Amino acid sequence: MTAIGIHDIELATAHHVVDLADLAEARGVDPAKFQKGLGQDEFSFPAPDEDVVTMGATAAHRLLERTGTEGVRTLMFATETGVDQSKSTAVYVHKLLDLPGEVRSFELKQACYSGTGALQAAIGIVARNPEERVLVISADVARYEMNSPGEPTQGAGAVAMLVAADPALVEIDPASGVYSEDVDDFWRPNDSTTAVVDGGLSITAYLKSVEKAWKDLEQHGGPSISDIKAFVYHQPFTKMARKAQAHLAQVTGAELNDGALDTGSVYNRRMGNSYTASLYSALTSLLHHEDDLTGKRVGLVSYGSGSVAEMLTGIVKADEDTRRRVRDKVLGMLDGRVRLSVPDYEGLHEKTMPSADDTDTPRVTGSPFRFAGIRGRARHYERV
Ligand code: COA
């Protein structure tokens with residue numbers, strides 16, 4: 001059987017950053033609650049001329065600069081923060097990246113899970129025709145109400161992956177474990193810019209799904225737990241990965257690699273939640289920071305509220321130098337974000353952009369692509 005998986009991966013985030021020490025002070029909370037209790041230091045926040053399209057296009061542009069576009073006939077964009085009820089984010093990105101017309105472009109949605117659904121669909125396409133490569137983008141802006149418990153777990157980010165036969169980075173194993181259950185733990189009504197969440201329920205639903213997906217993986221020929229060197233998890237806040245791993249250790253009776261919880265959360269601690277991109281930014285962080293991973297098997301734990309979960313495994317193919325070649329660039333991108341004071345963050349959070357008004361957005365982003373504004377109710381994007 002042809003080996004298929006992630007050939008290359010890239011990250012992007014938003015222009016601004018909010019320091020959780022500042023937010024804690026403004027909200028009268030001990031900063032240790034956010035930094036230790038939730039495991040978050042900062043969150044990215046978009047400028048008015050940024051959204052999932054600009055972040056997703058930026059991540060994909062950086063990726064395709066290395067890999068080229070040869071063989072790319074499918075572009076899937078996984079997001080919970082789509083910008084239109086009908087037109088997909090993928091079509092905007094297709095234009096921004098100047099891809100040929102002969103590409104199928106579409107969007108997928110299921111809270112934080114759909115990036116994994118896209119990865120599996122991409123593997124199916126490549127299995128059918130190993131000459132093809134599939135561009136998978138996951139990007140989201142996590143927004144909760146101000147002054148709510150979810151506020152410190154906001155964030156923004158995008159991950160682009162090229163899925164191909166004989167991948168250079170991670171070969172995904174054929175077996176996976178899945179689990180779906182209708183749960184009202186987190187959702188976002190069509191007329192709301194912020195998520196509605198039952199935080200406590202979302203944690204117990206996540207943990208139950210991890211257990212169910214692991215059991216399903218076992219029943220479908222997955223590897224033994226001792227063959228998995230490190231796990232990465234969907235991380236709405238990085239402490240959640242610790243809770244999930246502790247639960248998995250309890251269910252399996254295995255001693256798991258807790259060091260990988262640190263190496264797999266370096267970017268997430270600073271970007272905040274990026275919903276669909278969160279698991280894949282965790283994977284990128286692990287690949288960039290964990291030693292002795294080449295030739296080893298990793299586990300990927302995907303959870304999207306509502307709820308759908310999937311557990312995948314894969315073998316890391318790339319050597320350490322290849323895995324780390326863009327680590328400094330990612331850290332530089334995070335260091336280079338422009339810090340927002342809490343009042344400035346609150347002003348941006350409150351801002352709405354009704355589609356009925358023609359608008360030109362201010363030029364703020366340092367990314368190669370920007371959301372230029374609205375004309376005749378249509379969104380316009382441009383290369384900077
Ligand atoms: N120092 C260190 N830790 C502290 C602390 C302090 N001063 N004060 C509180 N903590 C710890 C708590 O003990 C708790 O840790 P634990 O979960 O390991 O017990 C943690 O900080 C969070 O405190 P808690 O009181 O539970 O926070 P909260 O009720 O205000 O909000 C969430 C927590 C997760 C419910 C909230 O952030 C949320 O709704 N997030 C969005 C939904 C989400 O991300 N769900 C995850 C599954 S998808």
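Every value quoted in this text rests on a predicted model; they were computed, and no experiment measured them. We count ligands from 1, going down the list as the structure has it; atoms in each ligand are counted the same way.
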Original post:
Taking the six-membered ring for Trp, are His288 and Tyr267 ring centroids under 6.0 Å apart?
Top reply: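 Yes, ring centres under 6.0 Å apart.
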Original post:
Is a salt bridge present between Arg269 and Asp262, judged by a nitrogen-to-oxygen distance below 4.0 Å?
Top reply: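 No, this pair does not count.
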Original post:
Does the pair Arg370/Asp51 count as a salt bridge with the N-to-O cut at 4.0 Å?
Top reply: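 The answer is no: the pair does not qualify as a salt bridge.
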[X] to ligand 1: N or O pair under 3.5 Å?
X      : result
Tyr206 : no
Leu38  : no
Lys33  : yes
Asp30  : yes

Original post:
Cation over ring, Lys87 on Tyr92, under 6.0 Å and within 45°?
Top reply: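 Ring-cation test returns yes.
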Subject >> Lys/Arg cation over aromatic Phe371: Arg379, 6.0 Å, 45° cone >> reply: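 Yes, Arg379 and Phe371 form such a contact.
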Any non-hydrogen protein atom less than 4.0 Å away from [atom]:
atom                    : answer
atom 12 (C) of ligand 1 : no
atom 26 (O) of ligand 1 : no
atom 32 (C) of ligand 1 : no
atom 23 (O) of ligand 1 : yes

**OP:** Mark the output for Phe186 as yes if a heavy-atom distance to ligand 1 is under 4.0 Å, and as no if none is.
**Re:**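 Phe186 does not count as a contact of ligand 1 under the 4.0 Å cut-off.
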Subject >> atom 48 (S) of ligand 1 [closest protein heavy-atom partner, distance rounded to 0.1 Å] >> reply: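 Going by distance alone, atom 48 (S) of ligand 1 is nearest to Pro236 CG, 3.8 Å.
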**OP:** Write out the residue and atom name of the closest protein heavy atom to atom 19 (O) of ligand 1, then the distance separating them to 0.1 Å.
**Re:**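 Here the closest protein heavy atom is Lys243 NZ, 4.1 Å.
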Original post:
Which ligand 1 atoms are under 4.0 Å away from a heavy-atom of Lys239?
Top reply: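 Answer for ligand 1: 15 (O), 16 (P), 18 (O).
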**OP:** Give the atoms of ligand 1, by number and element, whose distance to some non-hydrogen atom of Ser202 is under 4.0 Å.
**Re:**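 By the 4.0 Å cutoff, the relevant atoms are 42 (C), 43 (C), 45 (N), 46 (C), 47 (C).
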Counting heavy atoms only, which of [options] is nearest [atom]?
atom                    : options                : value
atom 38 (C) of ligand 1 : Gly150, Ala111, Ala244 : Gly150
atom 42 (C) of ligand 1 : Leu201, Thr153, Val197 : Val197
atom 36 (C) of ligand 1 : Gly199, Pro149, Ala142 : Pro149

